[in-house]
Structures are given as C-alpha cells and as structure tokens.
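Input: a single structure, listed below in structure tokens.
In what follows, every chain begins at residue 1, and chains take the letters A, B, ... in the order their sequences are listed.
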Amino acid sequence: QKEVEQNSGPLSVPEGAIASLNCTYSDRGSQSFFWYRQYSGKSPELIMSIYSNGDKEDGRFTAQLNKASQYVSLLIRDSQPSDSATYLCAVKGVDSSYKLIFGSGTRLLVRP
Amino acid sequence: EAGVTQFPSHSVIEKGQTVTLRCDPISGHDNLYWYRRVMGKEIKFLLHFVKESKQDESGMPNNRFLAERTGGTYSTLKVQPAELEDSGVYFCASSHPGPPSYNEQFFGPGTRLTVL
C-alpha cells in the first residue's frame, strides 16, 4: 500500500463545473496536508495547506480533511481551462522529520 | 520576493561522470530540501538542511550522492559517479524557519538530469 494515494486520472470536467480531487493516506498520525499544482515541465506550486479536520477555503479552492477516514480532498469551483494541470497531494511525515510524502498526482482537464 | 532557483535547468551526462546541481533558496528560509522524481514515480524526499546542518538524510539513495550547504545559503547536490537510474528531475524546496509556515515548502523549477 502506498503511503499517499491518488487516482491518476485524467479527471475531465467542463468549464465552470466543480472539480473534486481526492487523496488518502496510510499513516493515521499525519497532521499536515498540502495540495500542489504542477503544470507540465514546471515546479510544484503550493496552493493549499490544511491541518485541522473540516474545510478550508481560499478563493475558488476548498481543501477538506477527515482524519478519521484518512482522507483529504481539494475542490475547485468554477473550473477554468487554466486549472488544467496535475494536482499533487502531499503529507508531512509523522515523526520529527519535515519531509513531504507525495502521491503520484491527479491530472485534471478542464474542457472549454 | 524571488523564488527558489536551481541551476542548471537541464544536464545530460554519461554514466560514470560527475554532476553538481545547485539550489538557491528563498531569502531567509533556513530550511532547504532536496527531492527527486524519477520517470513514472512520485516525488521522493532526499534530504533536509536546517541552515548548514543536515537534519534528515533518510532519503539519500546511496553514497554516490553528496549534498552540502556551506554557510547556510545555497546548496549543492553532487552525484559521483552517475548511474543510469539517477536520471530524473531533481527539485529543491525551501521553507520559512518558524511555525506554522515551516511546514509550507516552496519548490524550485527543478533540474532535469539525463544519464546516458
């Protein structure tokens, strides 16, 4: 079992729709969770961090965390073609290490 | 504020040669990290510096890899001798020294290494 799992996609949604990206993690003690967006050939760009159960909203993005289910998601409202990218879920290691453990990413395609 | 920068952007070398990658973190970021992504795999952690000290080297694959951060500013990652399986994209990231944002790591553009 991978430590951080994501569906590779592609997830295809029409412009203006809500895109829902999901991630599960294996270590129940994990406390810090991050979503990165990566355009092809570019660096991962941090778009959301979440540390507590519930929802965290930032503009068109909402991160949702459920530690009991070991599940974190990212919702993108009013999806735009420019949102087409690979979205990476990352979890901070549970020990004193600062390392991030990444999922393989979900490719999102927003159709005009 | 300038972001994390890496040099070179691409490097093509032959097996057995040496390559040195450089990373300049965001100014004021004491934490510096190296990650890499090999073909078809997830981004994997290599190591973490706090200023000039190696805090966590648990991801370094073997002793052909040497990372340094003299003076606590920029960092270098040397691969010597390079092997075919070292090909991939090497990312550097940095984070602020204090909580809570020390968790938030900002990535550089990466160095694409190809070993022939």
By a 4.5 Å heavy-atom criterion (distance strictly below it), what part of Glu3(A) contacts chain B: side chain, backbone, both, or neither?
neither

State, without any angle test, whether Gln64(A) and Asn66(A) hold a side-chain donor-acceptor pair at a distance under 3.5 Å.
no

Take the angle between the ring planes of Phe106(B) and His29(B) and call it parallel below 30°, perpendicular above 60°, tilted in between.
tilted

Will you find, in the side chains of Ser49(A) and Glu104(B), an N or O donor that is under 3.5 Å from an N or O acceptor?
yes

Name the region of Arg37(B), side chain, backbone, both or neither, that has any atom closer than 4.5 Å to a heavy atom of chain A.
side chain

Check each atom of Leu88(A) against the heavy atoms of chain B and say whether the ones under 4.5 Å are side chain, backbone, both or neither.
side chain

Evaluate the ring planes of Tyr98(A) and His48(B), with Trp represented by its six-membered ring, and classify them as parallel (under 30°), tilted (30 to 60°) or perpendicular (over 60°).
parallel

Report yes or no: does Gln6(B) contribute a side-chain atom to a donor-acceptor pair with the main-chain N or O of Gly110(B) at less than 3.5 Å?
yes

Let's go through Arg77(A) and Thr62(A) carefully: what are the C-alpha distance in whole Å and the side-chain angles of both, what is the deciding distance for side-chain hydrogen bond (donor to acceptor under 3.5 Å, both in side chains) to 0.1 Å, and is it a yes or a no?
CA-CA 8 Å; Arg77(A) 289 182 300 282; Thr62(A) 299; 2.6 Å; yes

Chain B contact via Leu100(A) - which portion, at a heavy-atom distance below 4.5 Å:
both

Using a cut-off of under 4.5 Å for heavy-atom pairs, which of Glu42(B), Lys41(B), Lys44(B) has the most such pairs with chain A?
Glu42(B)

With a 4.5 angstrom heavy-atom cut-off, which part of Ser104(A) approaches chain B: side chain, backbone, both or neither?
both

If only side-chain N and O atoms count, and only distance matters, is there a donor-acceptor pair under 3.5 Å linking Tyr33(B) with Ser95(B)?
yes

Members of residues 62-89 of chain B whose heavy atoms come closer than 4.5 Å to chain A
none

Parallel, tilted or perpendicular: ring planes of Tyr25(A) versus Phe33(A), cut at 30 and 60 degrees:
tilted

Between Ser97(A) and Asp56(B), is any side-chain donor less than 3.5 angstrom from a side-chain acceptor?
yes

